[in-house]
There are 2 protein chains.
Amino acid sequence: MNVLLLEDDKSLGATLKSRLEKEGLTAHWVSTIQDAKQLVDEQTFQLIILDVGLPDGSGFAFSKYVRQKTNCPFIFVTAQTSAEDRLQGYELGAVEFIPKPFHLKEFLIRVKNTIQLHGSDEFVMDDLKVNFNTLTVEINGQSSEFNLKEAAVLKMLINLSPKVVSRDQLLDHVWGEDQFPSQRTVDNVIVSLRQKLGSYSVLIHSVRGVGYVFKKN
Amino acid sequence: MNVLLLEDDKSLGATLKSRLEKEGLTAHWVSTIQDAKQLVDEQTFQLIILDVGLPDGSGFAFSKYVRQKTNCPFIFVTAQTSAEDRLQGYELGAVEFIPKPFHLKEFLIRVKNTIQLHGSDEFVMDDLKVNFNTLTVEINGQSSEFNLKEAAVLKMLINLSPKVVSRDQLLDHVWGEDQFPSQRTVDNVIVSLRQKLGSYSVLIHSVRGVGYVFKKN
DNA sequence: AGCTATGTGACAAAACTGTGACACATATAG
DNA sequence: CTATATGTGTCACAGTTTTGTCACATAGCT
């Protein structure tokens, strides 16, 4: 799960990022709306956690930007906690509203609940539907299943699309920085991915000398 | 859906009861812990919404009483909203904590989320009928009984369907975050569930490396 | 003690993974 | 243009990991 954390308090941001990662999530932490916009344009997230009072604008405004681009669920974490603030948050499409200050345990409980309830980890394009939760891919109703590595590789390619992802990046991210399988291993995963993607296999291009790209159309 | 509303503010209580009923729920409204205990002893509820500051005691205390008797989810609605209060609420097993004052719309959004996440205590599909309250399953009239763990696991799978539930999620939710049975334990519960589900056992799929899914057809 | 509910360990079965070999493709130099 | 070097696609095999299942141990209750 790819999580975007937008929080300008350095200490809090660092803490939350580390706790989210302990939960097995991939957390990206930025402290300005500008940086957040850039990340949202570059990657896809399954959850966004954001403050309202930020140095370069209001989290409420940013949440509108997010809504236009994706349907990613988001959680407000803020000291502005009046009934009106909360209602505004929920009406903007928030799925949670956590008032500051809070205890970490409460934060984690509520984030977990949110992920269980709203966290759909899907990629859809035309007749192609990939579900990273059930590790399945459906093409024109025909479905087949991924294994863990395949899913992780495809997810990374899609998340970073249209950037080229090197084999080393894949090995680091998917296999872990302490594992050193041969680079042929990556190719093999690509092979089986392509088989399972059928006619959509052409979306995975190989870039000679570098790695692979997923091109959305 | 049977909902218990424990709120001593007459005006607020009446409003909430009426709004809950507009949502199609059956709402019982009482204003004292004494009355609430009596109702809890007499009936089964699928959701309890309660204030903390009550004329004849603390809602926190009552929530402990509830926990002993049932596993019904409950939501605190209260003006005591410090981080400590909220944490205490969540640690007592609350699934939501709504600070006063609030707008009705926020209240309804959060109640609906809760209901969706925790579901009802009966599940019916074709010839399959599962009752999580009496811990029974009936298939074509043939009935058998679950034990507590089996029921809790099945309920979680069904409530989150079609999402995959990891063994860790199951261990946290069913066994508790402070218990650490082996993951084999989960598999064994799945085995006995499958046995009791007979021909419907195929609905429980395992997702290698992740966990299990319940697929409603 | 007898009973039930629950957790554990062992082992087989199934699925996944990484490797090397080889064919094929693409770049670069001559 | 051809030869050579290098990168990539694909396959089958064997080792590893995960899961299904069973028999048994333990705990708590009556």
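The figures here come from the full heavy-atom set of this structure, side chains too, leaving out hydrogens, waters and symmetry mates. Every chain is numbered from 1, with letters handed out A, B, ... down the list of sequences.
Phosphate proximity of D/dG9 to A/Y212: present, with a side-chain N or O under 4.0 Å from OP1 or OP2. In terms of phosphate contacts, B/W175 brings no side-chain nitrogen or oxygen within less than 4.0 Å of OP1 or OP2 of C/dT6. Here B/S182 reaches the OP1 or OP2 of C/dT8: one of its side-chain N or O atoms lies under 4.0 Å away. Contact annotation: B/R167 side-chain N/O to D/dT18 OP1/OP2 distance is not under 4.0 Å.
Among the protein residues, A/V207 comes within range of the sugar-phosphate backbone only, with heavy atoms under 4.0 Å from sugar or phosphate atoms but none that close to a base. B/Q195 comes within 4.0 angstrom of sugar-phosphate atoms only, judged by non-hydrogen atoms across all strands, and of no base. Among the atoms of the strands shown, none is found under 4.0 Å from any heavy atom of B/I190. Contact annotation for A/S206: backbone-only contact, meaning every heavy-atom pair under 4.0 Å involves sugar-phosphate atoms and none involves a base.
Between the NZ atom of A/K149 and the P atom of D/dT16 there is a distance of 16 Å, given to the nearest Å. Between the P atom of D/dG9 and the NE2 atom of A/H205 lies a distance of 12 Å, rounded to the nearest Å. For the pair A/E145 CD and C/dT17 P, the interatomic distance rounds to 13 Å; values are reported in whole Å. In this structure, CG of B/L135 is placed 14 Å from C1' of C/dT4, rounded to the nearest angstrom. Between the CG atom of B/D187 and the C1' atom of C/dA14 there is a distance of 14 Å, rounded to whole Å. Protein atom CD of B/E150 is 7 Å distant from nucleotide atom P of C/dT6, rounded to whole Å. Note: CG (A/L193) to C1' (D/dG9) measures 14 Å, nearest angstrom. As rounded to whole Å, 15 Å separates atom P of D/dG28 from atom CG of B/L148.
For B/R208 and D/dT17, a side-chain-to-base donor-acceptor distance below 3.5 Å is present, hydrogens and geometry of angles not being considered. Taking only distance into account, the side chain of B/N188 meets the base of C/dT8 through a donor-acceptor pair shorter than 3.5 Å. Judged by atom type and distance alone, B/R184 reaches the base of D/dG20 through a side-chain donor-acceptor pair under 3.5 Å.
Under a cutoff of 6.0 Å and an axis angle of 45°, B/K37 and B/Y65 form a cation-pi pair.
For the 3.5 Å distance criterion, the side chains of A/H118 and A/Q46 fail to qualify, holding no donor opposite an acceptor. Between the side chains of A/R167 and A/Y212, at least one donor N or O sits under 3.5 Å from an acceptor N or O. Residues A/T32 and A/D35 have side chains that bring a donor and an acceptor to within less than 3.5 angstrom of each other. Looking only at atom types and distance, the side chain of B/N133 has no donor-acceptor partner in the side chain of B/E122 under 3.5 Å away.
When each of A/Q183 and A/F146 is assigned the nucleotide of DNA chain C with its nearest heavy atom, A/F146 is the one assigned upstream, toward the 5' end.
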